[in-house]
Protein chains: 2
Amino acid sequence: MRILIVEDEPGIYNFLKQGLEEESYAVDIAEEGKKGLKMALSGEYDLLLLDWMVPGISGIEICRQFRQEFKQTPVIFLTAKDTLDETIFGLQTGANDYIKKPFHFEELLERIRVQLRPKSGEHSIFKLGNITLNTATYQVFKGDEEISLTQKEFALLEHLLRNKGMVCRRSRIIESVWDIHFDYNTGVIDVFINALRKKLKLGKDENYIQTVRGVGYIAKEI
Amino acid sequence: MRILIVEDEPGIYNFLKQGLEEESYAVDIAEEGKKGLKMALSGEYDLLLLDWMVPGISGIEICRQFRQEFKQTPVIFLTAKDTLDETIFGLQTGANDYIKKPFHFEELLERIRVQLRPKSGEHSIFKLGNITLNTATYQVFKGDEEISLTQKEFALLEHLLRNKGMVCRRSRIIESVWDIHFDYNTGVIDVFINALRKKLKLGKDENYIQTVRGVGYIAKEI
DNA sequence: TTCAATTTTAAGTGAATCTTAAGTCTTTAC
DNA sequence: GTAAAGACTTAAGATTCACTTAAAATTGAA
């Protein structure tokens, strides 16, 4: 899941970026309104976090123009305490939710989940054969055995499981997991797929993560 | 745990009642606002589920009057999709959360658990291996030996133990223990983890507090 | 205010993780 | 059957992040 943050204060966006990345969202930042709108319109994001006051175009204007293009991507506003009445106006321009600064990260996360739920499926637990991945506790089990994964391994497996039964293109994987959206003629994915299959001890009879030659990978029940 | 539902549609409250009772909550229903408020004020409930639109007094009014009596019981609103902006006012009147109809029962359950957590976690003794933490007496023992911890050390250990078996992300820790909701690219957590491990004399064979690189820490039995 | 204890900041070090790269193997196309 | 392309595997190099320590700042009590 990709999130765009339009926010000019480094203190805030760094906090958000790190926190959200720990939850394995891919996060991009725009420090300025015009750029933010352009990035938002690219269609690469699953959710927008807009600060109310950013240099350039205001958050509300970004939202309005964004919705004018019939984009459905959920929008959450980050607003200062004293602009509440305007905020409600903001919701009328098509935002989905708002959150007051200072806020608890936990609360923001919950609201993000609410917005993404219809797409991402509501459970934080994903299953594939006897493999279980729990995004809440950051744990992976194969049967009863806990498998210790690194960040990237976890993010990759999560991506595959979120899209269980569907082919995940390499380009999409590199975008979602590595947050790279340009050239990607690199072998990282292969290396990490290899690591996953090893750690999960996927034998011939447990070919849960299959290669789709020329395209990517697919996680599916056998 | 007792839950009061104020809701007039039998279809909804029966669904909720049955589901919640299966989760072993005790559930009462009020079909009408005035009665709902009276029951709520009785103080018998651990949580209120208020429909936004009930006959008699509105949900928001119930909540306002309820809070006026300095009642701390958590309140969750059930709201229709199109009343989101009003809902936000609802949160300001002292509600703890809201959920949009139609919602998934799982999601409601999750939010209920979030609200009840602080109370249900009142078991004041937490154990991890031969380590015991008592929130009532503010003491920590390792075996028979009492370990003297500072405030922050205690709070951190408590957080880890409350979430035993789950990975605690740095962002959550910094929120829960330090109450910081913004920038936190700081090394405090590391320093205190270090202090804990030292004071608790966790050797190689007693690796109760494990680090999850890039994410946080996990306290677990070995 | 002063002093001691606690908390936070900062910086150097080392280890785990990530990335790159190169050689090997497998599949596909001709 | 052979060549080419893509995937697998491995290991080394680069990087990031946590550990550790000490010093600075803050807090609280005398």
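Quick note on labels: first sequence line is chain A, next is B, and so on, each numbered from 1.
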Tell me the interatomic distance from [X], atom [atom1], to [N], atom [atom2], rounded to whole angstroms.
{"X": "A/Asp190", "N": "D/dA7", "atom1": "CG", "atom2": "P", "result": "7 Å"}
{"X": "B/Glu153", "N": "C/dT6", "atom1": "CD", "atom2": "C1'", "result": "9 Å"}
{"X": "A/Lys152", "N": "D/dT15", "atom1": "NZ", "atom2": "P", "result": "14 Å"}
{"X": "B/Ile189", "N": "C/dT7", "atom1": "CD1", "atom2": "C1'", "result": "14 Å"}
{"X": "B/Lys199", "N": "C/dT6", "atom1": "NZ", "atom2": "P", "result": "6 Å"}
{"X": "A/Gln18", "N": "D/dA18", "atom1": "CD", "atom2": "C1'", "result": "13 Å"}
{"X": "B/Leu156", "N": "C/dT6", "atom1": "CG", "atom2": "C1'", "result": "15 Å"}
{"X": "A/Leu202", "N": "D/dT9", "atom1": "CG", "atom2": "C1'", "result": "16 Å"}

When the nearest nucleotide of DNA chain C is assigned to B/Gln151 and to A/Gln151 on a heavy-atom basis, which residue is associated with the more 5' position? B/Gln151
Distance below 4.0 Å between [X] side-chain N/O and [N] OP1 or OP2:
{"X": "B/Asn194", "N": "D/dC19", "value": "no"}
{"X": "A/Trp178", "N": "C/dT19", "value": "yes"}
{"X": "B/Arg197", "N": "D/dC19", "value": "yes"}
{"X": "B/Thr186", "N": "C/dT8", "value": "no"}
{"X": "A/Lys198", "N": "D/dT10", "value": "yes"}
{"X": "A/Thr150", "N": "C/dA16", "value": "no"}
{"X": "A/Thr211", "N": "D/dC8", "value": "yes"}

Note: contacts of residues 212-222 of chain B with DNA chain D (heavy atom, under 4.0 Å) are B/Arg213, B/Gly214, B/Tyr217
Among the nucleotides C/dT7, D/dC8, C/dT8, which one has an atom lying closest to any side-chain atom of B/Val188? C/dT8
Could you tell me whether [X] and [Y] make a salt bridge, using a distance below 4.0 angstrom between a side-chain N and a carboxylate O?
{"X": "A/Glu206", "Y": "A/Lys201", "answer": "no"}
{"X": "A/Glu175", "Y": "A/Arg172", "answer": "yes"}
{"X": "A/Lys17", "Y": "A/Glu7", "answer": "no"}

Do A/Tyr13 and A/Glu31 have side-chain atoms, one donor and one acceptor, less than 3.5 Å apart? yes
Residues A/Tyr45 and A/Asp28: side-chain donor-acceptor under 3.5 angstrom: yes
Can you classify the ring geometry of B/Tyr138 versus B/Phe154 as parallel (below 30°), tilted (30 to 60°) or perpendicular (above 60°)? parallel
Around atom CZ of A/Arg197, are there more than 12 heavy atoms of other residues, nucleotides or ligands at under 6.0 Å? yes
